[in-house]
Structures are given as C-alpha cells and as structure tokens.
Amino acid sequence: MYSVTKRIEFCYGHRLLDYDGVCKHPHGHNGVAEIEVQTETLDHRNMVCDFSDIRRVIKGWIDNELDHKMLLRHDDPLARALEQLGEPVFLVDSNPTAERIARLIFDYSKAQGFSVVRVTVWETPTSFAEYRPTA
Ligand SMILES: [Zn+2]
C-alpha cells in the first residue's frame, strides 16, 4: 500500500451541549486535520494523488465551510443568536467534537473521490481524534 497524508490547518470555535466540563462554554481551537489517502498502485505520475489536489479540494472546502466558523449542534440556541448577528456558523447533527469533525472531513473527502482511509483532527498539540472506517 502507498499512502500520502496532507496536513490542513484551520481555526474553529465550538461548544458541547449535554456535557459537564469547560467545553460546554464557547471557545476556539487552532486545529489541524490530517487526511490520509491510500492506494495499492501509483498513477501515471507515480503518485497516490497530488498533494495540490487535496489542498485545492479539501482545504478549499475547509477554508470555506469550517475555518473561522462556530461549529454547533443543529439545535444549539447559540446558533440562532449568532445567525441573527450575521456571524457564520456551521451546523452539525450531533455535538461538534473533534471526532465528529474528523468524520465530517472524511465523508466530504470520500464524496469528492479521494481514497481516504483516515482523518485525524488535532484539537490541541497534545490531543487528537481519528476517524477510519472498519475494513
Ligand atoms: Zn473545544
């Protein structure tokens, strides 16, 4: 197997509902997403895929949709308040944990045709969550 991994930096805010800890309050992270793409054979350029394609497609989406946005659960009352103030929010169907964000980026990457096998989201320099589907 060949594998390439691209790191993408982005900033996001969030808060967790139904959670008893400091993360129940709105706060932000300088996050890093790692997208790992794997193939058994290389293409005609001797590549798994072009790093610049990952940057253009996946980083482009992260920049537009997640970067400098508040990521909130769809029913979070804070979402309505921010929207009324004209502030950007990105709604997810469940608590916007690092695990959920990893899954979000994985699903988008897969839908765009990348042979993605793992997405890791570093929430801090010492804490990361990963999504990889079972084989
Ligand atoms: Zn957090």
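Nothing fancy with the numbering, it's 1 onward along the sequence.
Here CD1 of Ile35 is found 11.5 Å from CZ of Phe51. Values are rounded to the nearest 0.5 Å. Here the CD-CZ distance, from Glu99 to Arg103, works out to 12.5 Å after rounding to the nearest 0.5 Å. Here the OG1-CZ distance, from Thr39 to Phe114, works out to 12.5 Å after rounding to the nearest 0.5 Å. The line from CG of Asp75 to CG of Leu91 is 9.5 Å long, rounded to the nearest 0.5 Å. Here the OG1-OH distance, from Thr41 to Tyr2, works out to 8.5 Å after rounding to the nearest 0.5 Å. Taking CG of Asp63 as the start and CZ of Arg56 as the end, the distance is 13.5 Å to the nearest 0.5 Å.
For the pair Asp107 and Lys110, the salt-bridge criterion is not met [side-chain N within less than 4.0 Å of a carboxylate O]. Taking the charged nitrogens against the carboxylate oxygens, Arg73 and Asp18 do have a contact shorter than 4.0 Å, which makes a salt bridge. Comment: Arg132 engages Glu130 in a salt bridge, judged by a side-chain N to carboxylate O separation of less than 4.0 angstrom.
Between Asn30 and Glu9 the shortest side-chain heavy-atom distance does not fall below 4.5 Å. Within the 4.5 Å cutoff, no side-chain heavy atoms of Arg15 are placed close to those of Lys24. With contacts defined as side-chain heavy-atom distances shorter than 4.5 Å, the pair Asp43/Cys49 does not qualify. Counting only heavy atoms from C-beta outward, the side chains of Met70 and Pro26 approach each other to under 4.5 Å. Counting only heavy atoms from C-beta outward, the side chains of Leu42 and Met47 never approach each other to under 4.5 Å. Looking only at side-chain heavy atoms (C-beta outward), His29 and Thr124 come within less than 4.5 Å of each other.
The shortest heavy-atom contact between Ser94 and Val92 is O-CG2, 3.0 Å.
Under the 3.5 Å distance criterion, with hydrogens and angles disregarded, a donor-acceptor pair is assigned to the side chains of Glu36 and Ser3. At a cut-off of 3.5 Å, with distance as the only test, a side-chain donor of Thr120 or Arg118 sits close to an acceptor on the other residue. Between the side chains of Gln38 and Ser115, no donor-acceptor pair is found at a separation under 3.5 Å.
Side chain of Ser109 to backbone of Ile105: a donor-acceptor contact under 3.5 angstrom is found. When atom types are taken as modelled, the side chain of Thr97 and the backbone of Arg100 share a donor-acceptor pair closer than 3.5 angstrom. A side-chain donor-acceptor contact under 3.5 Å links Asn95 to the backbone of Leu17. A donor-acceptor pair under 3.5 Å is absent between the side-chain atoms of His74 and the main chain of Leu72, judged by distance alone.
Using a 4.5 Å cut-off between side-chain heavy atoms of Ile, Leu, Val, Met, Phe, Trp and Tyr, with links allowed through other members, Trp61 and Val89 fall into different hydrophobic clusters. Using a 4.5 Å cut-off between side-chain heavy atoms of Ile, Leu, Val, Met, Phe, Trp and Tyr, with links allowed through other members, Ile54 and Tyr131 fall into the same hydrophobic cluster. Under the 4.5 Å side-chain heavy-atom criterion for grouping Ile, Leu, Val, Met, Phe, Trp and Tyr, Val117 is not connected to Val4 through any hydrophobic cluster. The hydrophobic cluster containing Val37 also contains Ile8, counting ILVMFWY residues as joined when their side-chain heavy atoms lie under 4.5 angstrom apart, directly or transitively. A continuous path of hydrophobic side-chain contacts links Val121 to Ile58 [ILVMFWY only; heavy atoms under 4.5 Å].
Taking the six-membered ring for Trp and the full ring otherwise, Phe10 and Tyr12 have centroids separated by under 6.0 Å.
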For this session: Check step by step if side chain to side chain donor-acceptor pair (under 3.5 Å) holds for Asp50 and Ser52.
Result: CA-CA 5 Å; Asp50 196 331; Ser52 64; 3.0 Å; yes
For this session: Mind running side-chain contact (heavy atoms from CB on, under 4.5 Å) on Glu123 and His14 for me, showing each step along the way?
Result: CA-CA 11 Å; Glu123 193 164 80; His14 70 170; 3.4 Å; yes
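A 6.0 Å sphere centred on CZ of Arg55 holds no more than 12 heavy atoms belonging to other residues, nucleotides or ligands. By the 6.0 Å contact criterion, NZ on Lys59 is open, its count of non-hydrogen atoms from other residues, nucleotides or ligands being 12 or less. Atom CD of Gln112 sits in a crowded spot, with more than 12 heavy atoms from other residues, nucleotides or ligands closer than 6.0 Å.
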